[in-house]
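Below you'll find the structure, written out as structure tokens, and then a few comments.
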Amino acid sequence: QVQLVESGGGLVQAGGSLRLSCASSGSTFSSYAMGWFRQAPTKEREFVAAISWSGSRTYYADSVKGRFTISRDNAQKTVYLQMNSLKPEDTAVYSCAAGPNHISDSVVRRATSYNYWGQGTQVTVSS
């Protein structure tokens with residue numbers, strides 16, 4: 001079993017930055033990719049970014065490409081999401097997930113590919 005705990009969310013003005021962290025415990029993640037998803041009020045969950053555990057491959061939604069960066073610290077078993085140039089439309093609950101062994105562009109973008117989820121952290125961007 002894997003436990004995932006997100007942190008780093010909060011309130012920020014448009015144009016500002018936040019860094020989200022996702023700390024893992026309970027199991028080895030060596031074979032798993034990690035992803036970030038978000039869900040805004042009245043909207044369905046959407047893919048944000050993903051990374052292979054080795055960090056050799058990263059994937060981004062078009063809406064965040066060039067603004068967000070996903071990274072990881074294997075020693076700390078922690079995945080990060082650096083969010084720059086934040087926009088009001090980035091407001092959402094952000095959740096990290098662990099799952100796919102089979103990594104590809106299509107697989108990592110699907111929420112159903114992931115087996116474990118954190119509780120989420122709120123990001124609010126004011127205009």
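In this text, all values refer to a predicted model and were calculated from it rather than measured experimentally.
Under the 3.5 Å distance criterion, with hydrogens and angles disregarded, a donor-acceptor pair is assigned to the side chains of Asn84 and Ser17.
Without hydrogens or angle criteria, Thr78 side chain to Ala23 main chain gives no donor-acceptor distance under 3.5 Å. Judged by distance alone, with hydrogens and angles left aside, the side-chain atoms of Lys77 form a donor-acceptor pair with the main-chain N or O of Asn74 at under 3.5 Å.
Between atom OH of residue Tyr116 and atom CG of residue Leu4 there is a gap of 9.5 Å, rounded to the nearest 0.5 Å. Rounding to the nearest 0.5 angstrom, the gap separating the CZ atom in Arg72 from the OG atom in Ser54 is 6.5 Å. Put simply, CZ on Arg19 and CE on Met83 are 11.5 Å apart, with the number rounded to the nearest 0.5 Å. Taking CD of Gln82 as the start and OG of Ser21 as the end, the distance is 9.5 Å to the nearest 0.5 Å. Atom OH of Tyr59 and atom OG of Ser106 lie 9.0 Å apart (nearest 0.5 Å). Distance check: Ser52 OG to Ile70 CD1 gives 9.5 Å after rounding to the nearest 0.5 Å.
In this structure, Asp62 pairs ionically with Lys65, as a charged nitrogen and a carboxylate oxygen lie closer than 4.0 Å.
Using a 30° and 60° split on the angle between ring planes, Phe37 and Phe47 fall in the perpendicular class, above 60°.
Residues satisfying the side chain to side chain contact (heavy atoms under 4.5 Å, CB included) test with Ser63, not counting sequence neighbours, are Arg38, Ala61.
The closest side-chain heavy-atom distance from Thr121 to Val93 is not below 4.5 Å. Between Thr124 and Val12 the shortest side-chain heavy-atom distance does not fall below 4.5 Å. Side-chain atoms of Glu6 and Gln119, non-hydrogen and from C-beta on, do get closer than 4.5 Å to each other.
Closest non-hydrogen pair, Leu18 versus Val123, comes out as CD1-CG1, 3.9 Å. Ala75 and Asp73 get closest at one heavy-atom pair: N-OD1, 3.1 Å. Between Tyr60 and Ala49, the shortest heavy-atom contact is CD2-CB, 3.7 Å. A pairwise comparison of heavy atoms in Val125 and Thr91 identifies N-OG1, 2.9 Å as the closest pair. Scanning all heavy atoms of the two residues, the minimum distance from Ser127 to Pro88 falls at CB-CG, 4.0 Å. Here the shortest heavy-atom pairing between Gly99 and Tyr114 reads N-CD2, 3.7 Å.
Residues Val108 and Val79 are members of separate hydrophobic clusters, defined by side-chain heavy-atom contacts under 4.5 angstrom among Ile, Leu, Val, Met, Phe, Trp and Tyr. Transitive grouping of hydrophobic side chains (ILVMFWY, heavy atoms separated by less than 4.5 Å) brings Val64 and Ile51 into a common cluster.
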- Task: Using the side-chain contact (heavy atoms from CB on, under 4.5 Å) rule, take Met34 and Cys22 through it: C-alpha gap first, then chi angles, then the decisive distance, then the call.
- Result: CA-CA 10 Å; Met34 300 289 295; Cys22 175; 4.2 Å; yes
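For Arg109 and Trp36, the positive end is not near the middle of the six-membered ring at less than 6.0 Å and at most 45° from its axis.
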